[in-house]
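Throughout, residue positions are numbered sequentially from 1 according to the sequence presented.
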Amino acid sequence: MRALIPLVLASILFLNPMSALAAVQDAVLAGGCFWCLEHDLEDVEGVISAESGYSGGHVDNPTYQQVSGEKSGHQEVVRVRFDSDKISYAMLLQHYWRNVDPLDGQGQFCDRGDSYRPVIFTSGENQADVAQASAASAASELGLPKSKIKVQIRDAVRFWPAEDYHQNYANNNELRYRYYRFSCGRDRRLDAVWGERARTGAAWASPSPQ
């Protein structure tokens, strides 16, 4: 998968360089275990690539041991590169919300601690506005005040790619990944929170109050 990304981007740029540069955007999202969030988002239509990494902290070139040991200030994140002509940032966030527990700000599922907190890292005013609107829509769908939503929305900072063995982990280690995801209770909790909309990018059930 990762080896094909440069070829895909090169083909897009060759065919229409100016429009391609405008259409390709990045979203940096934290939602607990990056193995899971990467796998949940990489096959969404319009997504070009999803890369596991770290962001939000104070340590340069962080290692997995530093991040999981809560010594870096970083969260496990996924950098999603997407074609905005095929999927908008708002639509991508609909997929994100339905793949996290927005009511848990202390970690996600069985993974606890600051490094597993859910965060939307926004690049620019437009992404920040869209993220805030999506949080309001998520709260409305759940029938809760926005104050109950524990996903932090903050300005993007540098993204650090995770070690190679973390990339595309779900496909490269299928049995281990399935066991981890099941034992962590991720899907059971998503079903409990989102019901039939869990793990989908379906339109919001209730309009945003904003």
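- Between Arg181 and Asp40 there is a salt bridge, since at least one side-chain N of the basic residue sits less than 4.0 Å from a carboxylate O of the acidic one.
- Atom CZ of Arg112 has more than 12 heavy atoms from other residues, nucleotides or ligands within 6.0 Å.
- A continuous path of hydrophobic side-chain contacts links Leu144 to Ile120 [ILVMFWY only; heavy atoms under 4.5 Å].
- To the nearest 0.5 angstrom, Trp160 atom CH2 is 13.0 Å from Glu51 atom CD.
- Rounded to the nearest 0.5 angstrom, Trp97 CH2 and Ser134 OG are separated by 5.0 Å.
- Closest non-hydrogen pair, Val100 versus Gly31, comes out as CG1-CA, 3.8 Å.
- Going from atom CD of Gln132 over to atom CG of Leu93 covers 11.0 Å, rounded to the nearest 0.5 Å.
- By the criterion of side-chain heavy atoms lying less than 4.5 angstrom apart, applied directly or through intervening Ile, Leu, Val, Met, Phe, Trp or Tyr residues, Val28 is not grouped with Tyr116; the two fall into different hydrophobic clusters.
- Atom CZ of Arg188 sits in a crowded spot, with more than 12 heavy atoms from other residues, nucleotides or ligands closer than 6.0 Å.
- Residue Leu37 is grouped with residue Tyr165 when hydrophobic side chains (ILVMFWY) are merged at heavy-atom distances under 4.5 angstrom, including chains of intermediate members.
- Rounding to the nearest 0.5 angstrom, the gap separating the SG atom in Cys36 from the CG atom in Asp187 is 8.0 Å.
- With hydrogens and angles disregarded, no donor-acceptor distance shorter than 3.5 Å links the side chain of Ser140 to the backbone of Ala136.
- The closest side-chain donor-acceptor pair between Lys150 and Gln106, if any, does not fall under 3.5 angstrom.
- A heavy-atom distance below 4.5 Å is not found between the side chains of His39 and Tyr169.
- Residues Phe159 and Val78 have side chains not in contact (no heavy-atom distance under 4.5 Å, counting atoms from C-beta outward).
- Here the closest heavy-atom approach between residue Tyr180 and residue Cys110 is recorded as CE1-SG, 4.3 Å.
- Put simply, the side chain of Gln75 does not reach to within 4.5 Å of the side chain of Ser115, judged on heavy atoms.
- Tyr54 and Phe34 have tilted rings, their planes meeting at an angle from 30° to 60° on a 0 to 90° scale.
- Residues Val119 and Leu29 do not share a hydrophobic cluster, clusters being chains of Ile/Leu/Val/Met/Phe/Trp/Tyr side chains in contact below 4.5 Å.
- Interatomic distance, CD of Gln127 versus CD1 of Ile153, reported as 11.0 Å (0.5 Å rounding).
- Disulfide check for Cys33/Cys184 fails, with the SG atoms at least 2.5 Å apart.
- From Asn99, atom CG reaches atom CZ of Arg199 across 7.5 Å, with rounding to the nearest 0.5 Å.
- If you look at Tyr177 and Trp35, their ring centroids are not closer than 6.0 Å.
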Show your reasoning for whether side-chain contact (heavy atoms from CB on, under 4.5 Å) applies to Tyr64 and Glu76.
-> CA-CA 9 Å; Tyr64 178 71; Glu76 289 194 9; 3.3 Å; yes
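- The local environment of CD in Glu70 is crowded, with over 12 non-hydrogen atoms from other residues, nucleotides or ligands closer than 6.0 Å.
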Any chance you could lay out the side-chain contact (heavy atoms from CB on, under 4.5 Å) test for Arg154 and Thr122, step after step, and finish with the verdict?
-> CA-CA 6 Å; Arg154 56 170 293 192; Thr122 60; over 6 Å; no
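- Grouping the Ile, Leu, Val, Met, Phe, Trp and Tyr side chains by contacts below 4.5 angstrom, directly or via other members, places Phe109 with Leu142.
- The side-chain heavy atoms of Pro118 and Gln108, taken from C-beta on, include a pair separated by under 4.5 Å.
- Of all non-hydrogen atoms in Ala27 and Leu92, the two that sit nearest each other are CB-CD2, 3.7 Å.
- Side-chain contact between Asp155 and Phe121 is absent, with no heavy atoms from C-beta onward closer than 4.5 Å.
- Put simply, the side chain of Glu42 never gets that close to the backbone of Val47: no donor and acceptor are under 3.5 Å apart.
- The main-chain N or O of Ala162 is never found under 3.5 Å from a side-chain atom of Ser52 such that the two would form a donor-acceptor pair.
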Please assess Glu38 against His166 for the test side-chain contact (heavy atoms from CB on, under 4.5 Å), listing each intermediate value before the final yes or no.
-> CA-CA 10 Å; Glu38 177 192 294; His166 287 300; over 6 Å; no
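- Side chain to side chain, Asn126 and Asp129 fail the donor-acceptor criterion of an N or O pair below 3.5 Å.
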Hey, mind stepping through Glu141 and Arg98 against salt bridge (Lys or Arg N to Asp or Glu O under 4.0 Å) and telling me if it holds?
-> CA-CA 11 Å; Glu141 178 166 301; Arg98 270 61 170 271; 2.9 Å; yes
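- Other residues, nucleotides and ligands place more than 12 heavy atoms under 6.0 Å from the CD atom of Gln65.
- Across Ser55 and Arg158, no two heavy atoms sit closer than the pair OG-O, 2.9 Å.
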Should His95 and Leu41 be marked as a side-chain contact (heavy atoms from CB on, under 4.5 Å) after you check the CA-CA gap, both sets of side-chain angles, and the distance that decides it?
-> CA-CA 7 Å; His95 286 273; Leu41 298 179; 3.9 Å; yes
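- Gln152 and Arg117 share a side-chain donor-acceptor pair at under 3.5 Å.
- Of all heavy-atom pairs spanning Ile48 and Val24, the tightest one is CD1-CG2, 3.9 Å.
- Closest non-hydrogen pair, Val157 versus Gly56, comes out as CG2-N, 3.4 Å.
- Looking at Trp194 and Pro102, their side chains come closer than 4.5 Å, going by heavy atoms from C-beta outward.
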